[in-house]
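Below is one structure, written out as structure tokens; comments come after it.
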Amino acid sequence: MTLRIYNTLTGKKEEFTPISPPKVGMYVCGVTVYDLCHIGHARSAIVFDVIYRYLRHSGFDVNYIRNFTDIDDKIINRAKELSIEWDEVATKFIDEFNIDMAALGLLKPNIEPKATDHISEMIEMIQSLVDNGKAYEINGSVYFSVKSFPQYGSLSKRNIEELQSGIRIEINDEKQDPLDFALWKASKPGEPAWESPWGSGRPGWHIECSAMSRKYLGITFDIHGGGKDLVFPHHENEIAQSHACSGEAPVNVWLHNGFVNVNAEKMSKSLGNFCTIKDALALYHPEIIRYFVLTSHYRSPVDFTDTALSDARKNLARFYDLLSIENSLVPSESDSIKSDSSMVTKFNELMDDDFNTATTLAYLGSELRKYNKIRAEFERMHQKSERYEKAKHHLKRGVFTLRQLGQTLGLFMEKPDNFVKQFKAAKLTEVGMSNDELELQIDEREKARAEKNFEKADQLRDNLAKKGIRLQDTPKGAVWTVDFN
RNA sequence: GGCGCCGUAGCCAAGUGGUAAGGCAGAGGUCUGCAAAACCUCCAUUCAGCGGUUCGAAUCCGCUCGGCGCCUCCA
């Protein structure tokens, strides 16, 4: 089976055929750096991180570009509020963005271009649009003439007439047509400005992506992604500019991710209902957030709720629990482990269907159950028996493959022991108990059990359970873990 | 007002023509001193409602109701 991707342009799932395989050019709209990022940004970043990882896993040589919009009205306004320079605002929030993305375990794109490093490329593009009559200059600003591009609206499924009927008339609008959008904005005194053939000014929002994607990926490239809200007008405008400039459609496949909702409403700055990535990371391990994101399809909206995140935590913990047997399986023998090809095939098949991480995760969950069963039997077997060796090999292979496949989703990146340890440490801090104190109680209970004083033993266990500490009596003695319920 | 998306069990969520994945919660069982964990079994004759197309529809078409998004900055 080959990879099929839902293309916003056609509204259908299509077989993915790169322009020059195995190379794939992918451009994803990044963020405007004027504030901290919220979970919505995290979802977008995680979705495209998984797409990037999976494309590489599938043998593509991906050139992944994600930009920073580092000049914009919001940045200028923010600078005024904070009484600092606009570029300090940009630098500060680029740093914060990088910290957040690293914390979320995202792979770095190949190139992360900044708009302000590409002014000359933008000017060049704007000039050629002016030269061929697709754009015009008024009072030092340059606008793209939407009417000059008849295909306008093809991405967002609108047409020029209906857009015109719904337009709001702005006061003092100098544009020839209300639909026209700025390629270059004349700057007011005191605003950041660059020299251009039309006087000093700064670029409009949309032109940066056209200029940078063309520079790094060429006139026509494979994939362009971003949040659903960018479809109109941002990506529509990008298509218009780039196409009008080169005569070619700039992008083959347009990919858009759905929103993160809070109480079924879009999470956004303007609604004030957002949770920053930093807030979320204070509560949840990065892979829990990733797991949560991946349990829904990337195009559907997701509701950011406590129960959804708790479910994700519980399931992730189950995987890590199985993976943690790795250590006990890696003794002396140096046999190389091969991955379970049937599991890999199935995984690929599910992911090939428009990156359906929800079904993929469900499938990995069924493999988890299967191997947990083998694990339970294995732990009861006599060592040195033939069956034991066989089961061990089987388990090893399963765990190895599970881990490998999880990692192509950006999951199971931690050492399994560490994953649980973090939660245990956090729990001890939470209940204000040292590890020694806890061990003492566990010993005490073990003694009580040995003396068949079950009443006392159960009481000790119940007390710990109330604190969220779960004791489990295993053949190897009592162990404790965090109760994820 | 225009355009678009969505409505699947108590909750979350896959599934775009072939007879409803999975998770959480719940019930029973194996294991256990009892538990826990793990495993096994069960848990939607039905996919907002009403019509239509079809041998066959959650999936296609129409209408109704409900929710959301875009049309202004937005992942």
Side-chain angles (χ1 to χ4, degrees), chain A residues 8 11-13 28-32 34-35 37-48 69 72-74 77 153 156-159 161-168 170 179 205 225-234 236 256-261 264-271 274 291-292 295-297 299-303 305 307-312 314-315 317-318 321-322 350 353 356-366 368-377 379-380 449 452-455 457-458 461-462 465 470-475 478-481 483 485:
Chain A
T8 308
K12 284 189 290 230
K13 279 187 207 171
V28 175
C29 286
V31 293
T32 300
Y34 73 103
D35 205 347
C37 288
H38 56 63
I39 287 295
H41 299 106
R43 181 186 192 192
S44 185
I46 289 168
V47 161
F48 287 103
T69 299
D72 163 274
D73 286 347
K74 290 194 295 293
N77 293 336
S156 56
K157 316 280 183 274
R158 298 156 207 244
N159 58 53
E161 294 81 68
E162 78 198 19
L163 279 166
Q164 255 154 355
S165 68
I167 207 85
R168 295 182 203 179
E170 292 164 43
L179 290 182
W205 174 35
K228 259 196 168 93
D229 49 352
L230 297 182
V231 173
F232 190 90
H234 185 52
E236 198 69 73
H256 294 97
N257 66 274
F259 296 129
V260 174
N261 292 161
E265 268 191 328
K266 174 181 173 180
M267 180 181 289
S268 76
K269 295 273 168 65
S270 38
L271 289 171
F274 64 93
Y291 195 101
F292 156 72
T295 47
S296 297
H297 187 90
R299 280 187 277 117
S300 313
V302 295
D303 233 26
T305 63
T307 38
L309 272 296
S310 299
D311 283 359
K314 205 178 292 181
N315 284 309
R318 269 167 59 81
D321 182 50
L322 173 67
L350 295 169
D353 182 18
N356 197 333
T357 53
T359 48
T360 303
L361 242 29
Y363 168 66
L364 293 183
S366 72
L368 167 70
R369 172 166 293 131
K370 181 172 121 191
Y371 284 103
N372 265 336
K373 191 174 179 177
I374 295 170
R375 174 193 188 178
E377 285 161 4
E379 281 168 351
R380 279 195 219 106
R449 286 186 68 212
K452 304 238 187 275
N453 184 351
F454 295 121
E455 202 177 318
D458 290 352
R461 185 175 61 195
D462 290 347
R470 187 160 66 199
L471 290 192
Q472 294 173 205
D473 297 320
T474 73
V479 296
W480 76 277
T481 187
D483 188 349
N485 289 304

Nucleotide B:A75, atom C1' - distance to CZ of A:R299 in whole Å = 16 Å
Dot-bracket for RNA chain B, please, read 5' to 3', with Watson-Crick or G-U wobble pairs under 3.5 Å on both distances, ( ) within the strand, [ ] crossing, | other strand, . unpaired.
-> ((((((((.[[[..)..(...]]].(((((.......))))).....[[[[[..)....]]]]])))))))....
Scan A:V260 against the nucleic acid and name what it touches under 4.0 Å (heavy atoms): base, sugar-phosphate only, or nothing.
-> base
Distance test, side-chain N/O of A:S268 to OP1/OP2 of B:A75, below 4.0 Å | no
For A:D73, enumerate each residue passing the salt bridge (charged side-chain N to carboxylate O under 4.0 Å, His left out) test, keeping only those at least two apart in sequence or located in another chain.
-> A:K185, A:R202
Stacking of A:Y363 on B:G22 base (centres under 5.5 Å, planes under 30°) | no
Any side-chain N or O of A:N257 under 4.0 Å from OP1/OP2 of B:A75?
-> no
Nearest-Å distance, CG (A:L368) to P (B:C40)?
-> 10 Å
N/O (side chain, A:R449) to phosphate O (OP1/OP2, B:C34) under 4.0 Å | no
Proximal nucleotide (of B:U16, B:A75, B:C24) relative to the A:H41 side chain | B:A75
Atom C1', compared across B:C5 and B:G28: separation rounded to whole Å = 42 Å
Listed nucleotide nearest any side-chain atom of A:K314, set B:C70, B:A25, B:A38 | B:A25
So, are A:D35 and A:K74 salt-bridged, with charged N and O less than 4.0 Å apart?
-> no
From NE2 of A:H256 across to P of B:G69 the rounded distance in Å is 18 Å
Counting heavy atoms from C-beta on, name the nucleotide in B:A13, B:G33, B:C71 closest to the side chain of A:F454.
-> B:G33
Picking from B:A13, B:C71, B:G15, which would you name as closest to the side chain of A:A358?
-> B:A13
For B:G15 and B:U30, measure between their P atoms and round to the nearest Å.
-> 38 Å
How far does the P atom of B:U64 sit from the matching atom of B:G23, given to the nearest Å?
-> 39 Å
Using the C1' atoms only, state how far B:G49 lies from B:G7, rounded to an integer number of Å.
-> 11 Å
Using the P atom on both, measure B:G18 against B:A57 and round to a whole Å.
-> 12 Å
Sequence neighbours excluded, the answer for side chain to side chain contact (heavy atoms under 4.5 Å, CB included) partners of A:K314 is A:F484, A:N485
Atom-to-atom span, NE2 of A:H297 to P of B:U16 - whole angstrom | 10 Å
Let me know the distance between CE of A:M267 and C1' of B:C73, rounded to the nearest Å.
-> 18 Å
Give a yes or no on whether a donor-acceptor pair under 3.5 Å exists between the nucleobase atoms of B:G15, that is its base, and the side chain of A:N356.
-> no
Rounded to the nearest angstrom, tell me the gap between atom CG in A:N77 and atom P in B:C73.
-> 13 Å
Look at the side-chain N and O atoms of A:N261 and state whether any lies under 4.0 Å from the OP1 or OP2 oxygen of B:C68.
-> no
Measure the spacing between CG of A:D321 and OG1 of A:T481 and express it to the nearest 0.5 Å.
-> 7.5 Å
Could you tell me whether A:E377 and A:K373 have a side-chain N and a carboxylate O separated by less than 4.0 Å?
-> no
Euclidean distance for C1', B:C68 against B:G52 (whole angstrom) = 28 Å
Residues A:D458 and A:R461 bridged, charged N to O under 4.0 Å = yes
Every protein N/O lying under 3.5 Å from an N/O of nucleotides 4-9 of chain B:
none

Are there any protein N/O atoms within less than 3.5 Å of an N/O atom in nucleotides 35-37 of chain B, and if so, which ones and at what distance?
residue : atom : partner : partner atom : Å
B:A35   : N6   : A:D473  : O            : 3.0
B:A35   : N1   : A:D473  : N            : 2.9
B:A35   : N3   : A:R461  : NH1          : 3.0
B:A36   : O2'  : A:R470  : NE           : 3.3

In terms of the nearest nucleotide of RNA chain B, which residue is placed more toward the 5' end: A:T307 or A:A457?
-> A:T307
Quick one: list whatever passes ring pair (Phe, Tyr, Trp, His ring centres under 6.0 Å) with A:Y291, sequence neighbours left out.
-> none
Short side-chain N/O contact from A:K266 to OP1 or OP2 of B:A75, under 4.0 Å = no
Could you tell me the separation between the CG atom of A:D353 and the C1' atom of B:U16, rounded to a whole number of Å?
-> 11 Å
In whole angstrom, give the distance that lies between atom CZ of A:F232 and atom P of B:G2.
-> 17 Å
